[in-house]
Amino acid sequence: MSDIITMVAPVNIAVIKYWGKRNEELILPLNDSVSATLDTNVMCAKTSVCVSPNFLEDEIWLNGVKESFSNERMQNCLREIKVRATVEKSVDDVFLSWKIHVCSENNFPTAAGLASSAAGYACLVSALAKVYKIKSDVSSIARLGSGSACRSVYGGFVRWHSGVKIDGSDSIAVQIADKSHWPEMHALILVVGDTKKKISSTKGMRISTKTSDLFQYRIQNCVPKRTEDICEAILAKDFVKFGEITMKDSNQFHAICLDSYPPITYMNDISNKIIELIHKYNNFHGEIKVAYTFDAGPNACLYLLQNEVPKILPLIQHIFPSSNPDTFVTGLPTHCEMINTNLLELFAQSNQKDLVKYVIHTKVGDGPAEVTDGSHLLDESGWPINPIIT
Ligand SMILES: Nc1ncnc2c1ncn2[C@@H]1O[C@H](COP(=O)(O)OP(=O)(O)OP(=O)(O)O)[C@@H](O)[C@H]1O
Ligand SMILES: C[C@@](O)(CCOP(=O)(O)OP(=O)(O)O)CC(=O)O
């Protein structure tokens, strides 16, 4: 049996959204996208992998429950890892013929618009790469699991180049800057709903690509310049420019969802209230202090600099009161400052509690890393330590 390899991998939240594919099977996007990778100490997927001549079939347990390995995307990742191992001659043929056991857990809700697929596939592929001793870039293999997963293979700020080649070999993620470049960049994830979304990203982007007139306009006229501009803003640590592009791109992505036929709505009334809050907050300060972005769900990701966190958090808590104020904010430690009374006057408190269920406070972090404290999810024989029998 091989050694058990355990890795953790981060989620990433895009500031230039990936939406639309030029090739569905290879998961090749129609536009470049840009994201920040978030700290694995707060949110992560953790995956243990091992291979053994004793295993009868490839098996995977996700959050304790046995899932099918016949899932096409999982199969594609494993196949490409083995192709790469063959090309790199990193392991011998006998090793390649052994079956694999994978056990993975997310420490946050799965399939709820919190980028679990990105962290999950980045983790799976990074762990497989370690087991099969692959040295080259594996972002293009993570991409085969879920497009956005290729960006979670790197830490800091990452650009996924759509590429132009038919075989997708140039559709890879590249780091723009590592986490130490802009350590003040924090994120607050406002969890509005943590149940499974009605229309998956895969399906949603298929509908938009086919039916939205705005979609082509976005790809041709907006994304190329925005991508260059936001990369410059990141390198120059220009938060105002970063924030403006982030918010405009999120708004355009959701406009395209609405322009799709039938229309797709991922955001809800609470999401719109959050947008209103951020614009009022920024107007009050006379410049962009906080930027929102929404993926394929109602949850907001707010990007902001660290010193802004204690200022905006009490306002969020005031507008969206919680029935569990002590556990409302999770993740990185934080404190709250007094809210400026002139600012407070601009906002009405919601009379319904728990519209925002909880907030995850996190920051930009590193890419996947090996877990070396022995806390594997598979036992010495390669079976899950805590399986859930259904
Ligand atoms: N830790 C993991 N290991 C392997 N696969 C995972 C893992 N976590 C999630 N996945 C896969 O990703 C799927 C969820 O992807 P989905 O796109 O529906 O949700 P999401 O990633 O949370 O949302 P979004 O992509 O909109 O942010 C799961 O059903 C599973 O197949
Ligand atoms: C809105 C998004 O989060 C869409 C993510 O789409 P996925 O990567 O989940 O889609 P597939 O490639 O079909 O698996 C924007 C983004 O992360 O860039």
Side-chain angles (χ1 to χ4, degrees), residues 7-38 43-49 60-65 67-69 71-74 76-78 102-128 142-152 158-160 162 171 173 189 191 193-206 208-209 223 227 246 249-250 252-254 256-257 264 266-267 293-299 301 368 377:
M7 306 272 300
V8 287
V11 302
N12 72 80
I13 302 289
V15 290
I16 300 292
K17 302 296 185 193
Y18 145 53
W19 199 248
K21 297 183 180 70
R22 62 185 169 94
N23 182 318
E24 285 253 353
E25 210 173 315
L26 295 175
I27 312 199
L28 300 176
L30 278 159
N31 64 279
D32 284 20
S33 55
V34 176
S35 58
T37 295
L38 301 181
M43 291 166 83
C44 69
K46 180 175 179 180
T47 305
S48 294
V49 173
I60 180 162
W61 291 263
L62 180 52
N63 296 320
V65 179
E67 303 248 324
S68 166
F69 215 108
N71 164 347
E72 197 187 333
R73 289 178 169 205
M74 207 99 58
N76 289 346
C77 289
L78 182 58
V102 178
C103 192
S104 185
E105 283 175 1
N106 301 322
N107 70 348
F108 59 93
T110 298
L114 291 173
S116 69
S117 56
Y121 279 105
C123 207
L124 173 70
V125 167
S126 306
L128 289 174
R143 194 197 72 225
L144 297 173
S146 182
S148 53
C150 74
R151 297 186 310 240
S152 276
V158 181
R159 176 172 180 170
W160 174 13
S162 59
S171 187
I189 298 175
V191 179
D194 54 11
T195 50
K196 201 169 162 56
K197 56 187 170 251
K198 283 191 296 265
I199 300 182
S200 68
S201 308
T202 308
K203 192 168 170 207
M205 62 179 87
R206 196 180 293 143
S208 299
T209 314
V223 175
T227 303
T246 297
D249 200 70
S250 172
Q252 188 177 63
F253 154 49
H254 290 279
I256 279 168
C257 290
I264 307 163
Y266 287 123
M267 295 196 302
T293 182
F294 294 81
D295 278 349
N299 303 324
C301 173
L377 303 175

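Remember, it's a predicted structure, so these values are computed and weren't measured experimentally. Read the numbers this way: they start at 1 and go in the same order the structure lists the ligands and their atoms. Worth knowing before you read on, the calculation uses all heavy atoms, side chains too, and leaves out hydrogens, waters and symmetry mates.
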> Decide whether an N or O pair under 3.5 Å exists between A115 and ligand 1.
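Between A115 and ligand 1, an N or O pair is found under 3.5 Å apart.
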> Using every non-hydrogen atom in the two residues, find where A9 and A119 come nearest and quote the distance to one decimal.
CB-O, 3.6 Å
> Answer yes or no: is there a donor N or O on one side and an acceptor on the other, between the side chain of S200 and the main chain of K203, under 3.5 Å?
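Yes, the answer is positive, given that a donor and an acceptor are paired below the 3.5 Å cut-off.
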> Looking at atom 12 (O) of ligand 1, what's its closest protein heavy atom, distance included?
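Closest protein heavy atom to atom 12 (O) of ligand 1: S117 CB, 3.2 Å.
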> Pull out every atom of ligand 1 sitting under 4.0 Å from any heavy atom of L62, numbered as shown with elements.
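This gives 1 (N), 2 (C), 3 (N), 6 (C), 7 (C), 30 (C) as the contact atoms.
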> Should one rank T110, I199, N106, N12 by closest heavy-atom distance to atom 8 (N) of ligand 1, which comes out on top?
N106
> Which N or O atoms of ligand 2 sit under 3.5 Å from a protein N or O, and how far apart is each pair?
{"from": "ligand 2", "atom 1": "3 (O)", "to": "D295", "atom 2": "OD2", "distance (Å)": "3.4"}
{"from": "ligand 2", "atom 1": "8 (O)", "to": "S146", "atom 2": "OG", "distance (Å)": "3.1"}
{"from": "ligand 2", "atom 1": "8 (O)", "to": "S148", "atom 2": "N", "distance (Å)": "2.9"}
{"from": "ligand 2", "atom 1": "8 (O)", "to": "S148", "atom 2": "OG", "distance (Å)": "2.7"}
{"from": "ligand 2", "atom 1": "9 (O)", "to": "S146", "atom 2": "OG", "distance (Å)": "3.4"}
{"from": "ligand 2", "atom 1": "12 (O)", "to": "Y18", "atom 2": "OH", "distance (Å)": "2.5"}
{"from": "ligand 2", "atom 1": "12 (O)", "to": "G147", "atom 2": "N", "distance (Å)": "2.7"}
{"from": "ligand 2", "atom 1": "13 (O)", "to": "K21", "atom 2": "NZ", "distance (Å)": "2.7"}
{"from": "ligand 2", "atom 1": "13 (O)", "to": "R73", "atom 2": "NH2", "distance (Å)": "3.2"}
{"from": "ligand 2", "atom 1": "13 (O)", "to": "T202", "atom 2": "OG1", "distance (Å)": "2.7"}
{"from": "ligand 2", "atom 1": "14 (O)", "to": "R73", "atom 2": "NH1", "distance (Å)": "2.7"}
{"from": "ligand 2", "atom 1": "14 (O)", "to": "S146", "atom 2": "OG", "distance (Å)": "2.7"}
{"from": "ligand 2", "atom 1": "17 (O)", "to": "R151", "atom 2": "NH2", "distance (Å)": "2.8"}
{"from": "ligand 2", "atom 1": "18 (O)", "to": "Y18", "atom 2": "N", "distance (Å)": "2.9"}
{"from": "ligand 2", "atom 1": "18 (O)", "to": "R151", "atom 2": "NH1", "distance (Å)": "3.0"}
{"from": "ligand 2", "atom 1": "18 (O)", "to": "R151", "atom 2": "NH2", "distance (Å)": "3.1"}

> D295 versus ligand 1: do any nitrogen or oxygen atoms come within less than 3.5 Å of each other?
no
> Run through W19, F294, Y18 and flag the one making a ring pair (Phe, Tyr, Trp, His ring centres under 6.0 Å) with F253.
W19
> Using a 4.0 Å heavy-atom threshold (strictly under), name the region of S116 that reaches ligand 1: side chain, backbone, both or neither.
both
> What residue and atom, counting heavy atoms only, is the protein's closest point to atom 23 (O) of ligand 1, and at what distance?
K197 NZ, 2.8 Å
> In chain order, what residues pass the ring-ring contact (aromatic ring centres under 6.0 Å, His included) check against F108, with sequence neighbours excluded?
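By the ring-ring contact (aromatic ring centres under 6.0 Å, His included) rule, F108 matches no residue at all.
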> Could you tell me which residues satisfy side chain to side chain donor-acceptor pair (under 3.5 Å) with S171, sequence neighbours excluded, listed by chain and number?
W160
> Using non-hydrogen atoms of the residue, decide whether S201 is closer than 4.0 angstrom to ligand 1.
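Yes, that is the case, since the closest heavy atom of the residue is under 4.0 Å from the ligand.
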> Quick one: does N63's side chain have a donor or acceptor within less than 3.5 Å of a partner on N106's backbone?
yes
> Check each atom of ligand 1 against the heavy atoms of G120 and keep those under 4.0 Å away; list them by number with element.
1 (N), 2 (C), 3 (N), 7 (C)
> Of T293, I16, V34, I13, which is the lone residue that meets side chain to side chain contact (heavy atoms under 4.5 Å, CB included) with T246?
T293
> Which heavy atom of the protein is the closest neighbour of atom 18 (O) of ligand 1, given with residue, atom name and distance?
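Ranked first by proximity to atom 18 (O) of ligand 1 is A111 CB, 3.8 Å.
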> Taking all heavy atoms of A127 and all of V49, pick out the closest pair and write down the distance.
CB-CG2, 3.7 Å
> Please report which non-hydrogen protein atom sits nearest to atom 11 (C) of ligand 1, along with the residue it belongs to and the distance in Å to one decimal place.
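Going by distance alone, atom 11 (C) of ligand 1 is nearest to Y121 CE1, 4.0 Å.
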> Report yes or no: does a heavy atom of L124 sit under 4.0 Å from some atom of ligand 1?
no
> In this structure, which one of V8, V102, L62 forms a side chain to side chain contact (heavy atoms under 4.5 Å, CB included) with T47?
V102
> Is the shortest distance from atom 29 (O) of ligand 1 to a protein heavy atom below 4.0 Å?
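False for atom 29 (O) of ligand 1.
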> Which residues pass the side chain to side chain contact (heavy atoms under 4.5 Å, CB included) test with A173, not counting sequence neighbours?
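Scan of A173 (side chain to side chain contact (heavy atoms under 4.5 Å, CB included), adjacent residues dropped) gives S139, C150, Y154, V158.
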> Please check if the side chain of Y266 supplies one atom and the backbone of I199 the other of a donor-acceptor pair under 3.5 Å.
yes
> Do side-chain atoms of T209 reach the backbone of M205 as a donor and acceptor pair under 3.5 angstrom?
yes
> Do any N/O atoms on S104 end up under 3.5 angstrom from N/O atoms on ligand 1?
yes
